[in-house]
Amino acid sequence: MSRAILQALLFVLTLLAGGNLALAQADSPHASNAVFLELLGNGGVVSLNYERLVNDRLALRVGYGTWKDNALFGPSNEQQASSMPVSASYLFGPGERKLEIGGGITFGHRESLDGTKSSFRSLTAIVGYRTQPAGRGYLFRAGVTPFYSLDSGSAAYPNPGFSFSAGVSFGYRF
């Protein structure tokens with residue numbers, strides 16, 4: 001991983017750890033942590049994510065994904081890719097069902113069969129639906145997750161400029 005990615009990860013982990021101090025004084029029955037698997041979302045083809053609810057409405061998330069590009073695009077595009085989505089979301093609505101709106105950045109790295117390496121950065125957005133019980137239990141998310149690549153040419157992920165995407169997540173809150 002590049003130095004910028006490691007710095008971003010440390011920054012997000014510091015934010016997540018700092019949230020514990022403020023929440024320790026509140027007596028809330030809500031589960032504040034979640035782990036989920038996301039398919040075709042902000043983390044690329046597949047990613048494993050950790051999310052922390054800072055309060056009832058604000059969620060911070062960091063994840064890691066890895067895949068071979070040929071899984072979707074055929075052997076002519078074979079590359080090993082990894083990503084780290086970092087995002088913040090605001091949750092609207094009472095009860096279990098919520099509208100989720102957020103954004104962030106996905107950092108990543110790709111290496112092709114010929115050894116060519118590149119790093120990428122893409123701004124990401126989240127507009128979706130999620131359902132989760134107040135306490136421990138399941139988490140389901142589905143939504144639109146567009147990308148805007150900050151890179152150009154072959155370094156861009158998934159494509160130069162704007163790319164439409166959608167994703168679905170399944171996980172557990174604790």
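Atom set for the values below is all heavy atoms of this structure, side chains included, hydrogens, waters and symmetry mates excluded. In this chain, numbering begins with 1 at the start of the sequence shown.
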- [ ] Decide, yes or no, whether a salt bridge links Glu100 with Arg61 under the criterion of side-chain N to carboxylate O below 4.0 Å.
- [x] no
Open item on the list: Just so I know, are the side chains of Ser169 and Asn49 near enough to count as touching, which here means a heavy-atom distance under 4.5 Å?
Closed with: no
Task: Leu53/Gln132 under side chain to side chain contact (heavy atoms under 4.5 Å, CB included): CA gap, chis, key distance, verdict - done: CA-CA 12 Å; Leu53 284 175; Gln132 61 192 29; 4.2 Å; yes
Open item on the list: Looking at Arg57, I want to see if its CZ is surrounded by more than 12 non-hydrogen atoms of other residues, nucleotides or ligands under 6.0 Å.
Closed with: yes
Open item on the list: Just verifying a value: how many Å separate Asn159 CG and Ser152 OG, rounded to the nearest 0.5 Å?
Closed with: 12.5 Å
Task: Over all atoms of both residues, closest heavy-atom pair of His109 and Ser119 - done: ND1-OG, 3.9 Å
Task: Val168 with Leu37, same ILVMFWY side-chain cluster at under 4.5 Å - done: yes
TODO: With sequence neighbours left out, write down each residue that passes side-chain hydrogen bond (donor to acceptor under 3.5 Å, both in side chains) with Thr106, or none if nothing qualifies.
DONE: none
Open item on the list: Let me check something: do Val46 and Phe107 share a hydrophobic cluster, defined by ILVMFWY side-chain heavy atoms less than 4.5 Å apart, either directly or through other members?
Closed with: no
Open item on the list: Please give me the minimum heavy-atom distance between Ser149 and Pro160, naming the atom from each residue.
Closed with: CB-CA, 4.3 Å
- [ ] Specify the closest pair of heavy atoms between Tyr138 and Thr131, including all atoms of both residues, with the distance to one decimal.
- [x] OH-OG1, 3.5 Å
Open item on the list: Main chain of Glu111, side chain of Lys117: is a donor-acceptor contact present, judged purely on distance under 3.5 Å?
Closed with: no
- [ ] Report yes if the side chains of Thr124 and Thr145 come closer than 4.5 Å at any heavy-atom pair, otherwise no.
- [x] no
TODO: Any chance you could measure Phe92, atom CZ, to Arg130, atom CZ, to the nearest 0.5 Å?
DONE: 12.5 Å
Task: Exercise: identify the closest heavy-atom pair between Ser83 and Phe120 - done: CB-CZ, 4.4 Å
- [ ] On the 0 to 90° scale, with breaks at 30° and 60°, tag the Phe147-Tyr157 ring pair as parallel, tilted or perpendicular.
- [x] perpendicular
Open item on the list: Do Phe170 and Trp67 land in one hydrophobic cluster if side-chain heavy atoms of ILVMFWY residues count as linked below 4.5 Å?
Closed with: no
Open item on the list: Run Asp56 and Leu91 through side chain to side chain contact (heavy atoms under 4.5 Å, CB included) and show every step you take.
Closed with: CA-CA 8 Å; Asp56 288 343; Leu91 308 177; over 6 Å; no
Task: Cluster overlap Leu48 with Phe174, hydrophobic side-chain contacts below 4.5 Å - done: yes
Open item on the list: Quick check: is Met84 connected to Ile105 through a chain of hydrophobic side chains (ILVMFWY, heavy atoms under 4.5 Å apart)?
Closed with: yes
Open item on the list: Give me the atom names and distance for the closest heavy-atom approach of Leu40 to Ser165.
Closed with: O-OG, 3.3 Å
- [ ] Look up atom CZ in Arg141 and atom OG in Ser89, then write down how far apart they are to the nearest 0.5 Å.
- [x] 6.0 Å
TODO: Identify the heavy atoms of Gly135 and Arg173 that sit nearest to each other, and give their distance.
DONE: O-CB, 4.3 Å
TODO: With the side chain counted from C-beta on, respond yes when Asn33 and Tyr50 share a heavy-atom pair under 4.5 Å apart, and no when they do not.
DONE: yes
Task: pair Tyr172-Arg136: side-chain heavy atoms closer than 4.5 Å - done: yes
